[in-house]
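A short write-up of the structure that comes next.
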Amino acid sequence: MRDKPEREHRELKVELKGVSFGYARETPVLRGVDLRLTSGLVLLLGPNGHGKSTLLKLLAGVEYPDQGRVEIDGKDLWTDEAAARQRLAYVPEQPDITPYASVREVLELVADLRAEPRERVSEVLDLMGLEEGSGLGRRSIRELSKGQRRRVLLAASRLGDPRILLLDEPLDALDRGLRADLLVWLAERQKAGALIVVVTHELEPFVPMATAAVGMVRGSARYFADLPERQEERLRLLEKLARGEDP
């Protein structure tokens with residue numbers, strides 16, 4: 001069963017205002033980043049170590065900025081947490097989840113937090129190949145492989161009505177069928193007005209869906225709103241941003 005269709009939504013707005021951040025007082029990873037992201041699929045690109053995953057963590061509220069603010073529809077992510085994070089879903093590259101709870105318990109907690117009926121848990125487990133036939137839904141998180149844990153997080157992201165999806169290497173460790181299903185779902189969420197921010201080394205699957213891109217170089221961010229219409233030209237531009245080159 002595919003996720004139920006969503007009605008059209010108004011455009012979202014996520015802003016970073018003068019955001020700087022560094023780990024353990026080291027050289028800042030991000031320096032004075034100003035960004036305004038709106039509904040659509042935004043690719044966050046750049047060489048390894050230039051701040052892509054860190055920026056995604058700041059958008060998700062996993063890391064607190066040393067300077068500046070992160071706002072979702074005008075609500076500060078840290079001073080108005082409940083309202084700002086209500087429709088936010090984050091899937092990190094490293095799927096760290098509490099190890100001793102079962103898969104179903106984790107997803108039931110997410111369903112409760114998002115006021116989603118618990119019956120939906122079985123649906124998303126089946127969608128991600130974690131229930132029917134495999135029985136993985138009854139296992140504890142510590143029994144799962146990295147790829148299976150990633151599927152749990154992707155299943156969690158499909159509960160409720162996520163308006164903001166923050167995905168770090170979302171296709172990693174997924175088989176062909178699950179990859180195809182995830183891309184279809186992302187296209188559906190995009191059509192429904194969601195803001196989807198993706199960090200990925202696999203550009204090709206996301207090229208047709210991309211509405212904007214952010215190029216990260218040494219902790220600075222450059223926003224590209226007008227991507228070329230022709231797919232070949234669009235891919236060339238995105239590949240340059242991924243290498244940290246000036247397009």
Side-chain angles (χ1 to χ4, degrees), residues 3-4 6-17 19 21 30 33-44 51-65 68-98 106-117 120-121 124 127-128 149-171 182 185-200 206 209-212 214 221 223:
D3 294 329
K4 50 191 176 185
E6 303 290 348
R7 63 184 182 276
E8 295 296 324
H9 294 288
R10 63 179 177 80
E11 187 173 66
L12 287 166
K13 181 179 67 175
V14 175
E15 294 182 277
L16 292 89
K17 300 180 177 181
V19 170
F21 178 81
L30 300 176
V33 173
D34 291 299
L35 277 177
R36 184 178 186 274
L37 308 177
T38 57
S39 299
L41 190 141
V42 181
L43 290 174
L44 191 53
K52 303 186 300 296
S53 293
T54 298
L55 181 55
L56 207 64
K57 290 177 182 178
L58 287 159
L59 288 172
V62 173
E63 298 290 358
Y64 187 86
R69 294 163 55 90
V70 181
E71 296 182 357
I72 297 177
D73 280 341
K75 301 177 181 67
D76 188 282
L77 191 57
W78 288 94
T79 62
D80 197 359
E81 291 187 60
R85 300 173 189 238
Q86 185 177 20
R87 297 299 186 187
L88 187 152
Y90 171 53
V91 178
E93 183 178 11
Q94 299 299 327
D96 295 325
I97 317 172
T98 180
V106 169
L107 294 182
E108 286 178 347
L109 174 61
V110 174
D112 292 344
L113 291 172
R114 295 182 182 164
E116 185 81 345
R120 282 280 293 150
V121 170
V124 298
L127 282 169
M128 298 308 299
R149 294 184 187 198
R150 173 171 291 278
R151 283 153 60 190
V152 172
L153 289 176
L154 288 168
S157 73
R158 299 175 80 145
L159 288 167
D161 179 22
R163 303 288 322 282
I164 301 170
L165 291 164
L166 308 172
L167 310 175
D168 200 341
E169 300 295 346
L171 301 180
L182 177 62
W185 179 67
L186 291 178
E188 292 171 351
R189 296 307 307 147
Q190 182 177 358
K191 184 178 179 181
L195 167 61
I196 305 165
V197 185
V198 178
V199 174
T200 183
F206 296 100
M209 302 166 60
T211 57
V214 175
Y223 183 66

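What you are looking at is a predicted structure, and each value in this text was computed from that prediction instead of being measured.
- For the atom pair CD (E71) and CZ (R36), the distance works out to 11.0 Å, reported to the nearest 0.5 Å.
- Atoms CG and CD, from L59 and E15 in turn, are 11.5 Å apart once rounded to the nearest 0.5 Å.
- In this structure a side-chain-to-backbone donor-acceptor pair under 3.5 Å is missing from R163 to A89.
- Closest approach of P170 and V199 over heavy atoms only: CD-O, 3.7 Å.
- Heavy atoms from other residues, nucleotides or ligands lying under 6.0 Å from OH of Y64 number 12 at most.
- V121 approaches A111 most closely through the heavy-atom pair CG2-CB, 4.1 Å.
- To the nearest 0.5 Å, atom OG1 of residue T200 and atom CZ of residue F206 are 5.0 Å apart.
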request  = Determine, stepwise, if the pair L127 / R151 fulfils side-chain contact (heavy atoms from CB on, under 4.5 Å).
outcome  = CA-CA 10 Å; L127 282 169; R151 283 153 60 190; over 6 Å; no
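- Here L44 contributes atom CG and L35 contributes atom CG; the two are 8.5 Å apart, rounded to the nearest 0.5 Å.
- With contacts defined as side-chain heavy-atom distances shorter than 4.5 Å, the pair E63/L55 does not qualify.
- In this structure a side-chain-to-backbone donor-acceptor pair under 3.5 Å is missing from R87 to G160.
- In plain terms, the two heavy atoms of R150 and D168 that are nearest each other are NH1-O, 3.4 Å.
- Closest heavy-atom contact between P162 and W185: CG-CZ2, 4.2 Å.
- Here the shortest heavy-atom pairing between L12 and S39 reads N-OG, 2.8 Å.
- A heavy-atom distance below 4.5 Å is found between the side chains of L56 and Y90.
- Side-chain contact between L37 and V214: present, with at least one pair of heavy atoms (C-beta onward) separated by less than 4.5 Å.
- The CD atom of Q190 lies 10.5 Å from the CG atom of L165; values are rounded to the nearest 0.5 Å.
- Atom CD1 of I196 and atom CG of L186 lie 5.0 Å apart (nearest 0.5 Å).
- Closest approach of R158 to R120, counting heavy atoms only: O-NH2, 3.1 Å.
- By the 4.5 Å heavy-atom criterion applied to side chains, L58 and P65 are counted as neighbours.
- Residues satisfying the salt bridge (Lys or Arg N to Asp or Glu O under 4.0 Å) criterion with D76, sequence neighbours excluded, are R69.
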